[in-house]
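A short worksheet on the structure shown next.
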Amino acid sequence: MTPETDEQRPPAYGYMRVFSDAADHEAYALEEDMKHFADEYDLQLTAIYHEFVPGSLDAFNELVEVLRSTGAVNVILPSLRDLCENNVLQNALLDRLEFGFSAEVHALDERHDRADDALMESEQGGRASYVATTSLE
């Protein structure tokens with residue numbers, strides 16, 4: 001079997017908020033985490049959209065437009081909180097991705113938190129009942 005080239009892998013787009021008090025190395029580390037996730041799941045991380053202004057959705061709207069124009073369905077986030085800290089608005093933005101584009105949203109913090117929980121449960125003899133990414137299907 002030959003490894004897939006970037007052109008053969010399904011495209012994915014990243015989205016993250018970059019707060020003014022965040023250190024550059026923190027933002028770069030999150031970008032690297034998204035790249036590693038994409039590679040691990042055989043996705044091509046095509047672009048990462050950065051939201052720099054608190055309360056703005058300009059980069060989110062650019063992401064939506066690129067999903068519309070390309071037909072891509074994979075979105076990678078460092079955290080669901082990158083969409084919005086307000087749960088109601090966060091759910092509305094997730095719904096927009098789900099119903100508008102059948103998007104599969106991969107939240108890296110959920111993946112790590114759930115993997116840690118699964119490890120703790122397995123050590124206690126329990127079973128994890130969830131998956132590592134958030135799927136909106």
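We count residues from 1, following the sequence as given.
- Val64 has its side chain within reach of Phe101: a pair of non-hydrogen atoms, C-beta onward, lies under 4.5 Å apart.
- Residues Thr46 and Thr70 fail the side-chain proximity criterion, which asks for heavy atoms closer than 4.5 Å.
- Under the 4.5 Å side-chain heavy-atom criterion for ILVMFWY residues, a single connected hydrophobic cluster contains both Leu30 and Val18.
- Looking at every heavy atom in both residues, Leu83 comes nearest to Leu93 through O-CD1, 3.5 Å.
- A side-chain N or O of His50 and one of Glu31 form a donor-acceptor pair less than 3.5 Å apart.
- His36 contributes atom NE2, which lies 11.0 Å from atom CG of Leu108 (distance to the nearest 0.5 angstrom).
- In terms of modelled atom types and a separation under 3.5 Å, the side chain of Glu104 and the main chain of Val73 share no donor-acceptor contact.
- Counting heavy atoms from C-beta outward, Leu67 and Leu97 have side chains that approach closer than 4.5 Å.
- Side-chain contact of Arg96 with Asn61: a donor-acceptor pair under 3.5 Å is present, judged by distance alone.
- The OH atom of Tyr15 sits 8.0 Å away from the CG atom of Leu63 when rounded to the nearest 0.5 Å.
- Here CD of Glu62 is found 11.5 Å from CG of Leu57. Values are rounded to the nearest 0.5 Å.
- Taking Glu65 as the reference, Arg68 meet the side chain to side chain contact (heavy atoms under 4.5 Å, CB included) condition, with sequence neighbours excluded.
- The shortest heavy-atom contact between Ile76 and Ala38 is CD1-CB, 3.9 Å.
- One distance of note links CE of Met16 with CZ of Phe60; it measures 16.0 Å at 0.5 Å rounding.
- Put simply, the side chain of Arg17 gets close to the backbone of Asp82: a donor and an acceptor are under 3.5 Å apart.
- Atom OH of Tyr13 is separated from atom CD of Gln44 by 8.0 Å, given to the nearest 0.5 angstrom.
- Distance alone, capped at 3.5 Å, places no donor-acceptor pair between the Gln90 side chain and the Glu85 backbone.
- The NE2 atom of His106 sits 4.0 Å away from the CG atom of Asn74 when rounded to the nearest 0.5 Å.
- If you chain together hydrophobic residues whose side chains sit under 4.5 Å apart, Tyr49 and Val53 never meet in one group.
- Closest heavy-atom contact between Asp109 and Ser79: OD2-OG, 2.9 Å.
- Across Cys84 and Leu89, no two heavy atoms sit closer than the pair SG-CD2, 3.4 Å.
- Residues Asp58 and Glu51 have side chains in contact (heavy-atom distance under 4.5 Å, counting atoms from C-beta outward).
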